[in-house]
Amino acid sequence: MRHRPVLTLAVTVGCALLALAGCGSSGTTSSTSSSTSASAGTPVEGGNLVFANPQDAQSLDESTVFDNNSIWIIEQITQPLFTVTSNGKSVMPWLATGYTVSKNQLAYTITLRQGVKFSNGAPMTSKDVQFTLEQTMAASQGWGYIDSAIKSVAAPSADTVVVNLKYKWAPILADLALFANGIVPDNYGGKTAAAFYQAPIGTGPFKFDYWHKGSALKLIKNTSYWQPGKPYLDSVTWTDVPDVNTRQLQLTSGQAQIDQFPAWSTVATLKSTPGVTLSLFPSTETNYLAFNENVKPFQDVNVRRAISYAINRTALVKAVLFGNGQPANSIFPPQLNYYDPNSGGLQYNLADAKAALAKSSVPHGFTTTLLLPSGNSDYATIATIVQSELKPLGINVQIQQEDPNTANENFQAEKYDMFFSLWTMDIPDPDELATFALDPSAGSKSFFTSYDNPTVVKAVHAAEVTTNTAARQADYNTAQTLAAQDAFMSFLYYSPYQYAETSNVHGFDVTPLGNYHMEDVWLSAGSG
């Protein structure tokens with residue numbers, strides 16, 4: 001249904017169709033083989049598709065979960081009022097059909113799509129939307145910050161919702177498109193939140209079947225789905241397969257139909273493997289080396305700068321990505337609106353690295369630990385390279401590997417020294433990433449680093465309340481530049497999303513924000 005009218009993000013009084021706010025670049029460098037999204041033929045109903053994933057989901061509670069595996073599964077169960085367009089640059093109606101804006105730009109009256117039902121057959125109404133937004137607003141340790149500009153939500157009729165703002169808010173439509181604002185039943189259908197999210201109900205193309213944690217999570221077809229004839233598949237199962245070699249074997253043997261994030265070292269081989277399609281989708285993915293500022297000596301900006309200067313990103317892209325990417329120079333990815341290519345992210349310079357460490361509290365070096373998920377050959381390679389690159393500074397890096405689920409939990413609990421993390425946008429506005437990564441009062445404590453620069457925080461929030469494109473760009477330039485100078489994380493590289501699929505998978509496409517619509521996916525006749 002991607003032919004629907006596109007709604008973009010900068011507010012113009014009285015306009016129903018709004019001009020896109022932003023001036024980002026055209027996107028990351030990537031190459032793509034023949035994509036399954038271009039597959040010809042009439043979709044076939046039925047079949048059971050299996051994803052082989054590098055780690056399990058963490059939670060199905062949309063208001064508090066942060067990891068991509070959980071998010072991309074949740075998006076198949078619950079849906080928001082608006083969703084991202086296929087190019088990742090704007091949003092379009094989804095459970096909504098349109099909206100109007102008051103003259104003072106403080107009230108958005110949204111019309112809901114007729115005939116939408118939850119997977120239990122109950123109709124979706126404005127009361128469900130009102131309840132959902134109010135729950136997200138109240139999530140102080142999760143995604144509540146994304147709805148912080150909302151003053152109140154009213155439901156004057158069954159098919160109408162009014163979102164009242166505290167002040168003008170440039171990213172409001174994009175924020176409403178966030179997965180955390182996916183609509184759930186009013187009052188959780190009479191359950192507690194904890195009970196509801198054990199088996200959540202939504203309006204998405206699939207509904208919950210089972211979750212054997214550490215093994216597999218299965219969703220089955222929602223026969224009440226509002227798009228006629230969809231989804232095509234009977235079920236989708238995400239399996240927890242940390243080892244990259246095992247995932248590839250499962251793909252080539254037919255145990256799995258999609259391998260999420262095969263190792264970059266296997267991309268060339270998979271491109272020429274019979275029965276396999278290797279797709280590199282343009283992305284907003286950025287990989288970072290995070291520093292925990294609660295642990296000495298990472299409170300010291302000179303230590304962080306020294307490490308950032310010591311990492312040869314160009315060499316990483318060549319050695320790890322096999323050229324499929326580019327060095328990162330900003331907290332923002334190039335695909336994102338308001339990315340600043342001149343923000344000054346630190347690049348490799350060993351002399352500057354030594355000079356920065358000499359000015360630090362540990363001029364002769366120190367010993368630290370780099371935590372990474374086991375089974376990830378790419379991260380293992382990067383860790384070995386970083387370990388080698390920091391030796392000339394007298395920094396002794398001990399590599400610690402943990403089960404991916406445990407490693408991710410320890411990262412979010414800030415139980416680490418250094419950690420490889422990545423980000424991919426969920427909405428086409430910088431508001432999500434800027435607040436998540438740069439405001440310690442948000443639910444993620446500055447991307448789980450405890451970084452705190454009041455000038456950066458001020459710039460981030462100034463950009464939210466102006467609808468002037470130039471002013472927003474200036475504020476985001478300030479935030480990107482200061483964050484780069486503070487080196488609160490070492491920005492490593494931008495890369496495409498790599499997926500390998502069996503050739504009988506059709507209609508699988510990934511937007512630059514990582515979203516995929518499993519209702520569009522089908523398997524060739526006789527498969528599954």
(message) Less than 3.5 Å apart, any donor N or O on the side chain of Thr511 or Asn515 sitting next to an acceptor on the other?
(response) yes
(message) Between Asn287 and Tyr379, is there a side-chain donor-acceptor contact under 3.5 Å, judged purely by atom types and distance?
(response) yes
(request) Give a yes or no on whether the ring-centroid distance for Tyr288 and Phe447 is below 6.0 angstrom. (result) yes
(message) Side chains of Gln412 and Glu414: any donor to acceptor distance under 3.5 Å?
(response) no
(message) Strictly below 4.0 Å, N to O, side chains only: are Lys445 and Asp452 in salt-bridge contact?
(response) no
(request) Verify whether one side chain among Gln248 and Asp259 offers a donor that lies under 3.5 Å from an acceptor in the other. (result) no
(message) Looking only at the aromatic ring of each residue, does the gap between the centers of Trp72 and Phe179 stay below 6.0 angstrom?
(response) no
(request) Would you check if the distance from the ring center of Tyr188 to the ring center of Phe131 is below 6.0 Å? (result) yes
(request) Scan side-chain atoms only and decide if Asp240 and Gln55 contain a donor-acceptor pair under the 3.5 Å cut-off. (result) no
(message) Under 6.0 Å between ring centres: does that hold for Phe291 and Phe298?
(response) yes
(message) Ring centres under 6.0 Å, that's the criterion: do Phe508 and Tyr499 meet it?
(response) yes
(request) Answer yes if the side chains of Thr435 and Glu464 hold a donor-acceptor pair under 3.5 Å, and no otherwise. (result) yes
(request) Answer yes if the side chains of Asp128 and Gln130 hold a donor-acceptor pair under 3.5 Å, and no otherwise. (result) no
(request) Could you tell me whether the side chains of Ser59 and Asp61 share a donor-acceptor contact shorter than 3.5 Å? (result) no
(message) Distance alone, cut at 3.5 Å: any donor-acceptor contact between the side chains of Gln260 and Asn69?
(response) yes
(message) Check this for me: does any side-chain nitrogen of one of Lys230 and Asp520 sit under 4.0 Å from a carboxylate oxygen of the other?
(response) yes
(request) Verify whether one side chain among Ser374 and Asp403 offers a donor that lies under 3.5 Å from an acceptor in the other. (result) no
(message) Is the distance from the ring center of Phe66 to that of Phe448 below 6.0 Å?
(response) yes
(request) State whether a side-chain donor-acceptor pair under 3.5 Å links Asn408 with Gln58. (result) yes
(message) Pairing donors with acceptors under 3.5 angstrom, does anything connect the side chains of Asn294 and Asn292?
(response) yes
(message) Quiz question: by atom type and distance under 3.5 Å, do the side chains of Trp226 and Gln114 form a donor-acceptor pair?
(response) no
(message) Counting the benzene-type ring for Trp, do Trp238 and Phe51 have ring centres under 6.0 Å apart?
(response) yes
(message) Let's go through Phe332 and Tyr339 carefully: what are the C-alpha distance in whole Å and the side-chain angles of both, what is the deciding distance for ring-ring contact (aromatic ring centres under 6.0 Å, His included) to 0.1 Å, and is it a yes or a no?
(response) CA-CA 6 Å; Phe332 288 179; Tyr339 161 75; 8.0 Å; no
(request) Return the orientation label for the Phe419 and Phe411 ring planes: parallel under 30°, perpendicular over 60°, tilted otherwise. (result) parallel
